[in-house]
Number of protein chains: 2
Amino acid sequence: MARRLNLEEIGRRAGVSRSTVSRVVNDDPNVSLKTKKRVEAVITETGYRPHAAARSLALNSTDVLGLVIPSAVETLFADPYFGRLIFGISRATNEVQMTLTLFLFGDVPDEESIISRVVSPGLVDGVIVTATTMGDPLIDYLRGAEMPFVVIGRPDDGGPVFSVDVDNRGGARAAALHLANLGRRRMALISAPANTSAGVDRTSGFLDGLAESDLDLEGRIREGDWTEGSGRAAMEELLADQPDAVFAASDRMAVGAMSAIRAAGLRCPEDVGVVSFDGLIAPDQTSPPLTSVVQPVRKVGERAVKLLKAVVDDTVALPECIVFPTELAVGGSCGALPEKVL
Amino acid sequence: MARRLNLEEIGRRAGVSRSTVSRVVNDDPNVSLKTKKRVEAVITETGYRPHAAARSLALNSTDVLGLVIPSAVETLFADPYFGRLIFGISRATNEVQMTLTLFLFGDVPDEESIISRVVSPGLVDGVIVTATTMGDPLIDYLRGAEMPFVVIGRPDDGGPVFSVDVDNRGGARAAALHLANLGRRRMALISAPANTSAGVDRTSGFLDGLAESDLDLEGRIREGDWTEGSGRAAMEELLADQPDAVFAASDRMAVGAMSAIRAAGLRCPEDVGVVSFDGLIAPDQTSPPLTSVVQPVRKVGERAVKLLKAVVDDTVALPECIVFPTELAVGGSCGALPEKVL
DNA sequence: ATGAAAGCGCTAACAG
DNA sequence: CTGTTAGCGCTTTCAT
């Protein structure tokens, strides 16, 4: 009695061939309504599910997408950015009826074994790569392996790739202009790692904005590592130069900076205005609410999935670089709002 | 020339049969060193990788584990708990040379389609289920589907299941005793959702501790939803009853509570002591540092993976319920430390 | 130590 | 509309 439940067996029970059952399962119109009903009855009754691996083998397509995050240290996951991104990507993957697999490789040396799994045929149809550092060999490796992929972020240099990014440079520039318009003159910068494209772009964008306002950092710059702790440490150092405003390249670092400002007995925004990048901190989570350059994290994830699917299905011609605009959301931390609103 | 790269093709190039190549790939000792070298050379040269789906079909095993998170709303991902858990599980999965796939189903109605994918054969060998609510039909469904699974948390009622949990009750009890020992008398509770086992257990544990100290909540209890905002709102209400201490069932909610206390012009720990559950907030992220019941999130994830693998490999007999101890980490928020340390 | 052949469960081209 | 058949790429007896 304990026969394996496969097309053949379902067919046997319904009195048809396995092809017919396959047609029913795949909604092929070439099945009489009567037969279809009978087969469907057997399927529900037995709880039959097609064997995913067998189907993948026959179709040469898995309906699985991979999300690759190199340099996935634990602190990375403390940043709300990744939670949101994974959430958005997962949602979008479900929407296109696919499955998401996660490849995180941290400092451990399992890196090689993971990468070889990523590119092995029959496991995933394509991958989304994010959080790469500039010059990461992974990109070239994927290219060589003929594995379809989409990069979230700005691909550093070389050959054309499909990518989805946000306008980091424009957003950071807007932050600088905003602070300058509010009359801030001694600005400081807590930058993101210079080996990431977001880090580079946010820094150059902020400098763009300062230059347009005839301002200069005059050395008031410290590099953080995305964490709250690094933001706090950076701010502590910067305070020695008495800045009247600071731009932190991520929300988390801004939160750290604000706590350093407060700990130094200074007020935000009166003494030091703060603007950050991400827009992931709810207004009621900091006091005053953070003014931040909002990036559409979830949209980025969704778009990456759609783009990857198009690449996999080969329904897209040239490598596309999609860039989403960012938007400055004004809270109270920059000093733009009247006191009572804060 | 563009032949598909498979065992046959590698064999052709190396002048051996596909069986021999298979043996080489799988480290079968029955291959002469000479042949082995030759075949390996061809493999490296061509960049051959075995086809995962084909292998899964032949072996009836995928080497893929699934992580299922029902009720995965976006706010859930703002909690550092899940980032840590996913990280730990991912690490452990890599360690056993397997791949992790993620099944998140939120409020969208793709739920059914995802569930059916979870249990379809040939996709994953087993799944880890977490963040379930009590009485979640998913558990019964998995049981019926013969899909090996391990629950993170306490399985509510029914049949025996494999599970990994932390001692929520004991940890919460310790929090109550600690506060009572410090002389706090009017305690309040910000509980976690009552439809989760962690919520229930932490509440009853805290009540245990109070009872042992001859104390009572006298109605000073509000239910939060794990978020910082809910913690703040709960605390605002509770302050009307002038508690001298509060236990928040999660770090995030405690952070919200602390901000409500400060906003009301009260001091922590002098006016209101705060103890939380999770131990995921770094000491320098709140002021004063949170006193918290630490749960070993990463260990839980790792243990769940190992247990699941054992279940899949059928190397474990009876359903095991593993419970990790928790530990109270004393910061300054409960008032246990002298002022200058804060 | 190596090769031949069967089979994992599915799809799809072909025949009727 | 339905059944037959030949693979998809791999593992695994069974010969040799």
Side-chain angles (χ1 to χ4, degrees), chain A residues 2-40 42-43 46-64 116-117 119-125 146, chain B residues 2-40 42-43 46-64 116-117 119-125 146:
Chain A
R3 300 173 112 94
R4 261 211 256 347
L5 221 49
N6 53 25
L7 286 184
E8 194 73 41
E9 171 64 10
I10 300 297
R12 203 185 58 76
R13 299 201 194 194
V16 297
S17 77
R18 73 150 157 265
S19 325
T20 300
V21 181
S22 171
R23 289 188 185 103
V24 171
V25 169
N26 296 300
D27 269 328
D28 186 310
N30 286 331
V31 183
S32 77
L33 189 60
K34 222 177 116 176
T35 313
K36 181 169 170 168
K37 289 287 179 206
R38 198 166 65 246
V39 172
E40 278 172 345
V42 177
I43 289 179
T46 56
Y48 165 79
R49 302 275 165 209
H51 193 286
R55 176 181 274 221
S56 296
L57 179 57
L59 291 177
N60 193 30
S61 146
T62 63
D63 279 4
V64 176
S116 92
R117 245 179 296 146
V119 301
S120 75
L123 186 55
V124 299
D125 290 340
E146 331 204 351
Chain B
R3 300 174 112 94
R4 255 206 265 342
L5 222 49
N6 53 27
L7 286 183
E8 193 72 41
E9 172 65 10
I10 301 296
R12 204 185 57 76
R13 300 200 192 194
V16 297
S17 78
R18 72 151 156 262
S19 320
T20 301
V21 181
S22 172
R23 290 190 184 99
V24 171
V25 169
N26 296 300
D27 270 329
D28 185 311
N30 286 331
V31 183
S32 77
L33 189 59
K34 220 177 115 176
T35 314
K36 182 170 170 164
K37 289 287 179 208
R38 198 165 67 245
V39 171
E40 278 172 346
V42 177
I43 289 179
T46 55
Y48 166 79
R49 302 273 165 213
H51 193 287
R55 175 180 275 220
S56 296
L57 180 57
L59 291 177
N60 194 30
S61 145
T62 62
D63 278 4
V64 176
S116 92
R117 246 179 296 147
V119 300
S120 75
L123 186 54
V124 299
D125 290 341
E146 331 205 349

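Atom set for the values below is all heavy atoms of this structure, side chains included, hydrogens, waters and symmetry mates excluded. Everything quoted here is computed from the prediction, not taken from an experiment. By convention in this document, chain letters (A, B, ...) are assigned in the order of the sequence lines, proteins followed by strands, and residues within each chain are numbered from 1.
- S19(A) meets the side-chain hydrogen bond (donor to acceptor under 3.5 Å, both in side chains) test with no other residue; sequence neighbours excluded.
- From I10(A), atom CD1 reaches atom CD1 of I43(A) across 6.0 Å, with rounding to the nearest 0.5 Å.
- Note that CD of E40(B) and CG of L33(B) are 8.5 Å apart. Values are rounded to the nearest 0.5 Å.
- In this structure the side chain of T35(B) never reaches within 4.5 angstrom of the side chain of R23(B), judged on heavy atoms.
- Nearest heavy-atom pair across E9(A) and R4(A) is CB-O, 3.5 Å.
- Looking at heavy atoms from C-beta onward, R117(A) lies out of side-chain contact with D63(B) at the 4.5 angstrom threshold.
- DNA chain C is contacted by L57(B), A58(B) of residues 48-61 of chain B, taking any non-hydrogen atom closer than 4.0 Å.
- Contacts between residues 16-30 of chain A and DNA chain D, counted as heavy-atom distances below 4.0 Å, involve V16(A), S17(A), R18(A), S19(A), T20(A), R23(A), N30(A).
- With sequence neighbours left out, the side chain to side chain contact (heavy atoms under 4.5 Å, CB included) criterion links A58(B) to no other residue.
- On the nucleic acid side, DNA chain C has its first and last nucleotide under 4.0 Å of a heavy atom of chain B at dA1(C) to dG9(C), going 5' to 3'.
- Scanning for side-chain hydrogen bond (donor to acceptor under 3.5 Å, both in side chains) contacts around R18(B) gives E8(B), with sequence neighbours left out.
- Under the side chain to side chain contact (heavy atoms under 4.5 Å, CB included) criterion, R49(B) pairs with S116(A), V119(A), S120(A), P121(A), Y141(A), sequence neighbours left out.
- What you find for L5(A) and G47(A) is that their closest heavy atoms are CD2-C, 4.4 Å.
- At a threshold of 4.5 Å between non-hydrogen side-chain atoms, the residues N6(A) and H51(A) do not count as touching.
- Annotation: side chain to side chain contact (heavy atoms under 4.5 Å, CB included) contacts of S22(B) (sequence neighbours excluded): L7(B), N26(B).
- Between R38(B) and V24(B), the closest side-chain pair of non-hydrogen atoms is not below 4.5 Å.
- Listed by first and then second residue, the salt bridge (Lys or Arg N to Asp or Glu O under 4.0 Å) pairs that reach into residues 26-36 of chain B are D27(B)-K36(B), sequence neighbours excluded.
- Rounded to 10 degrees, the angle between the two end axes of the helix from dA1(C)-dT16(D) to dG16(C)-dC1(D) is 40°, with five pairs used at each end.
- The footprint of chain A on DNA chain D, defined by a heavy-atom cutoff below 4.0 Å, extends from dC1(D) to dG9(D).
- Shown here are the side chain to side chain contact (heavy atoms under 4.5 Å, CB included) partners of T62(A), two or more places apart in sequence or in another chain: S56(A), V64(A), D125(A).
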